Q: 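Here it is, the structure, as structure tokens.
Bear in mind that the values here come from a model prediction, so they are computed numbers and not experimental data. Atom set for the values below is all heavy atoms of this structure, side chains included, hydrogens, waters and symmetry mates excluded. Every chain is numbered from 1 and lettered A, B, ... according to where its sequence line falls, protein lines coming before strand lines.
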Protein chains: 2
Amino acid sequence: MVKRTRFNDSDCPVARSIDAIGDWWSLLIVRDAFDGSRRFGEFQRGLGVAKNILAARLRTLVDGGILDVVPASDGSAYNEYVLTPKGRDLFNVIVALRQWGEAHFFAPDEPHSEMVDRRHGHPLRALEVRSTDGRRLNAGDTVVNKVGHPGRGT
Amino acid sequence: MVKRTRFNDSDCPVARSIDAIGDWWSLLIVRDAFDGSRRFGEFQRGLGVAKNILAARLRTLVDGGILDVVPASDGSAYNEYVLTPKGRDLFNVIVALRQWGEAHFFAPDEPHSEMVDRRHGHPLRALEVRSTDGRRLNAGDTVVNKVGHPGRGT
DNA sequence: TTCGATCGGTTGCATCTTGCTACCAGCCGA
DNA sequence: TCGGCTGGTAGCAAGATGCAACCGATCGAA
């Protein structure tokens, strides 16, 4: 099976990332992996996804270098799925999605799962996009150079 | 049409975010909106997506409060799609995906579209997850409290 | 004002993907 | 050795996706 690329602008890192992750289930698998899930059954119970879908997603995540299959840590004959360094680098993505969701989809007092600093149990500081010299940037302060179109693009 | 919720753990902000965005095309639409696309035709040419898919995605993004339909800024009778504040808050998500893609899917010298600081033309600083008191955190320094399971969860 | 081109879609249809259920082969403890 | 758990695969129905054709409104030029 040749690797299909779904999007036509594959020189954009955003598109390549999206293509590599595959689908939303995959991202939820990664989220659960960050939260400590390792075994097939853990993911299945945590996500409520059909087993064939889960099996396929785990396979593509392993093929994509985001998860690794390792022998179970508890001595049983089963395997475990653990994040590779590349998979752990998705942490920012998960945190960004989480903070966006917290900001826009929950009433102020509505209970929800919450990511906290392990040391103090405090919520995290909001992510901030910064320039190399440390200024805070928002979308309007940035510009995307398409390949072949360097510079500001008058 | 009742709002379907695809994922069973809707108390997780990550899952709600994913549900709200809808699919990957929607996120690429948002990316193009950040890059300045406003018109139906611009999105269609930029993404190479089928028109019926694009029309459906634009509708869900508008319904979801991520895009707004406004009269065209050039005086023509057509409409434009612009990001709402909620949509602009996806900036961190886009940047996180972009940085992950840059780090893992391009050779060091491979050309790719690049987001730079408008003022100096420099690339952005890598996103950093921090605690409220400013320490840098990575995945292992955080813990997710599920609703109904407060505390560290031994 | 007329005419052709463009814009912004909608509709129908074939195909691909998804998700459900059933099934099944190893493991595992007793 | 037996019964239940784990980690899948197989088949099938339903829904999503993508392509192409079509279409009315609008625009620009003559």
Q: Could you say whether B/Ala50 or B/Ala77 is positioned toward the 5' end of DNA chain D, judged by the nucleotide with the nearest heavy atom to each?
A: B/Ala50
Q: In whole Å, I'd like the distance from the CZ atom of A/Arg45 to the C1' atom of D/dC5.
A: 10 Å
Q: Does the side chain of B/Ser26 come under 3.5 Å of the side chain of B/Asp23 through a donor N or O and an acceptor N or O?
A: yes
Q: Whole-Å distance between C/dT6 P and B/Lys51 NZ?
A: 12 Å
Q: Under the 3.5 Å rule, do the base of C/dG8 and the side chain of B/Tyr81 count as making a donor-acceptor pair?
A: no
Q: Counting only side-chain N and O atoms of B/Arg57, is one of them less than 4.0 Å from OP1 or OP2 of D/dT17?
A: yes
Q: Rounding to an integer number of Å, can you tell me how far A/Phe40 CZ sits from C/dG26 P?
A: 17 Å
Q: Could you state the CD1-P distance from A/Ile53 to C/dC16, rounded to the nearest angstrom?
A: 17 Å
Q: Take atom CD of B/Glu80 and atom P of C/dC7, then tell me their distance rounded to the nearest Å.
A: 13 Å
Q: So, is the end of the A/Arg16 side chain (NZ or CZ) under 6.0 Å from the ring centre of B/Phe106 and within 45° of the ring's axis?
A: yes
Q: Is any side-chain heavy atom of B/Asp32 closer than 4.5 Å to one of B/Glu42?
A: no
Q: Between atom CG in A/Asn52 and atom P in C/dT18, what is the gap in whole Å?
A: 10 Å
